[in-house]
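First comes the structure, then the notes that go with it.
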Amino acid sequence: MSDSSLALPPILAIGASTGGPKALADILSALPENFPAAVVVVQHMDPDFNAGLNAWLKDQSVLPVTVVRPGERLLAGRVYLAKGGDHLVIGSDRLMHYTAEPVDDPFHPSVNALFESLARLKPLSGVAVLLTGMGRDGAQGLIALRRAGWNTIAQDAGTCAVYGMPKAAMELGAAEMVLPLPNIAATAANLMRRHV
């Protein structure tokens, strides 16, 4: 496989749980039409809600929003939503794949699974955001991305529906920045200039 076929655009990776759909809509609605990165979203959800969330987020964003198909390639200026039921990862072939592993993870899809797969794809870099949600999913993955040279953002307590996941990330030192929800999209867009 040639180097050009392995190339990926810059990536904005977002993880969310409880309260996430509204937070995602706020961020996606603020991203410009010429956004130079691919946006990959893991929202904890039941598979039955894939189509409804995808349709609703499409209405909030000027960027195309689709549920990820296995083997799909990331393109800049598009939003990719993980389906419920399996973990979304980016493989060494630079394509998107679903996997049942780790099977003992309480969340399917898991934010950690996506973030950790991205951290392994050196020298890839981008911006990772951990939004509102219960528990600790995403914290370990966020610190892996920070160590890999990504910019990392956690949503602040005041704008979270549940301050579990971002708090866990903050306690680990995984978040380079802790920001209120209304500031996240503009900050991510500004940071993305470093990765284009």
Side-chain angles (χ1 to χ4, degrees), residues 11-33 35 37-69 72 74 77-90 96 98 105-115 117-118 126-139 141-142 145 152-170 174-175 177-189 192:
I11 294 172
L12 171 59
I14 305 175
S17 188
T18 312
K22 172 67 169 63
L24 288 168
D26 286 357
I27 290 172
L28 296 181
S29 67
L31 295 178
E33 196 169 3
F35 191 62
V39 183
V40 186
V41 176
V42 168
Q43 163 70 48
H44 295 164
M45 65 176 164
D46 185 278
D48 293 341
F49 293 102
N50 290 338
L53 180 60
N54 184 69
W56 186 66
L57 291 177
K58 264 186 187 176
D59 289 341
Q60 315 300 314
S61 176
V62 295
L63 303 174
V65 181
T66 56
V67 176
V68 173
R69 298 185 306 274
E72 195 169 1
L74 286 159
R78 302 184 67 88
V79 179
Y80 299 93
L81 179 66
K83 69 175 184 177
D86 282 317
H87 306 305
L88 175 66
V89 296
I90 313 300
M96 292 182 280
Y98 289 107
D105 195 297
F107 302 107
H108 290 77
S110 159
V111 180
N112 274 332
L114 173 66
F115 284 5
S117 75
L118 289 169
V127 180
V129 178
L130 194 58
L131 298 174
T132 176
M134 193 177 299
R136 302 183 61 83
D137 187 31
L142 199 68
L145 286 172
T152 57
I153 300 170
Q155 187 178 350
D156 77 343
T159 59
C160 280
V162 179
Y163 191 51
M165 288 163 39
K167 181 182 180 187
M170 187 190 69
M177 287 167 270
V178 178
L179 298 174
L181 181 62
N183 296 3
I184 291 176
T187 302
M192 197 57 72

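Note that these values count all heavy atoms, side chains included, but never hydrogens, waters or copies made by symmetry. Just so it is clear, the structure is predicted and the values come from calculations on it, not from any experiment.
- In terms of the ring-ring contact (aromatic ring centres under 6.0 Å, His included) criterion, Phe35 has no residue partners (sequence neighbours excluded).
- By the side chain to side chain donor-acceptor pair (under 3.5 Å) test, Ser17 pairs with His44, sequence neighbours left out.
- Closest heavy-atom contact between Ala38 and Leu74: CB-CD2, 3.9 Å.
- Gln43 CD to Leu53 CG: the interatomic distance, rounded to the nearest 0.5 Å, is 6.0 Å.
- Contact detail for Met134 and Phe107: the closest heavy-atom pair is O-CZ, 4.1 Å.
- The distance from the CG atom of Leu179 to the CD1 atom of Ile153 is 5.5 Å, given to the nearest 0.5 Å.
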Only distances under 3.5 Å count here; give the side-chain donor-acceptor pairs of residues 157-166 to other protein atoms, sequence neighbours excluded, each with its distance to 0.1 Å.
| from | atom 1 | to | atom 2 | distance (Å) |
| --- | --- | --- | --- | --- |
| Thr159 | OG1 | Gln155 | NE2 | 3.2 |
| Thr159 | OG1 | Asp156 | OD1 | 2.5 |
| Thr159 | OG1 | Leu181 | N | 3.1 |

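- Contacts of Lys22 classified as side-chain contact (heavy atoms from CB on, under 4.5 Å), with partners at least two apart in sequence or in another chain: Asp26.
- Of the options Val40, Leu114, Val39, a side chain to side chain contact (heavy atoms under 4.5 Å, CB included) to Ile11 is made by Val40 and by none of the others.
- Here the straight-line distance linking atom CG of Leu57 with atom CG of Leu28 works out to 6.0 Å at 0.5 Å rounding.
- Looking only at distances, a side-chain donor or acceptor of Asp137 sits under 3.5 Å from a matching main-chain atom of Val111.
- Taking both residues in full, the closest heavy atoms of Leu12 and Ala37 are given as N-CB, 4.3 Å, listed atom of the first, atom of the second, then distance.
- Taking both residues in full, the closest heavy atoms of Ala169 and Leu130 are given as CB-CD2, 3.7 Å, listed atom of the first, atom of the second, then distance.
- In this structure a side-chain-to-backbone donor-acceptor pair under 3.5 Å is missing from Ser110 to His87.
- Between Pro109 and Leu88, the shortest heavy-atom contact is CB-N, 4.4 Å.
- Put simply, CD1 on Ile14 and CG on Leu81 are 10.5 Å apart, with the number rounded to the nearest 0.5 Å.
- Remark: side-chain polar atoms of Thr132 are paired, donor with acceptor, to backbone N or O of Thr18 under 3.5 angstrom.
- With sequence neighbours left out, Lys83 forms a side-chain contact (heavy atoms from CB on, under 4.5 Å) with Asn50, Val67, Asp86, Tyr98.
- Under the side chain to side chain donor-acceptor pair (under 3.5 Å) criterion, Asn54 pairs with no residue at all, not counting sequence neighbours.
- Pairs passing the salt bridge (Lys or Arg N to Asp or Glu O under 4.0 Å) check and including a residue from residues 51-65, sequence neighbours excluded, do not occur.
- When every heavy atom of Phe115 is checked against every heavy atom of Gly15, the shortest pair comes out as CZ-N, 3.9 Å.
- Considering only residues two or more places apart in sequence or on other chains, Ala185 meets the side-chain contact (heavy atoms from CB on, under 4.5 Å) condition with Ile27, Ala30, Leu31.
- In this structure Pro64 satisfies the side-chain contact (heavy atoms from CB on, under 4.5 Å) test together with Arg78, sequence neighbours excluded.
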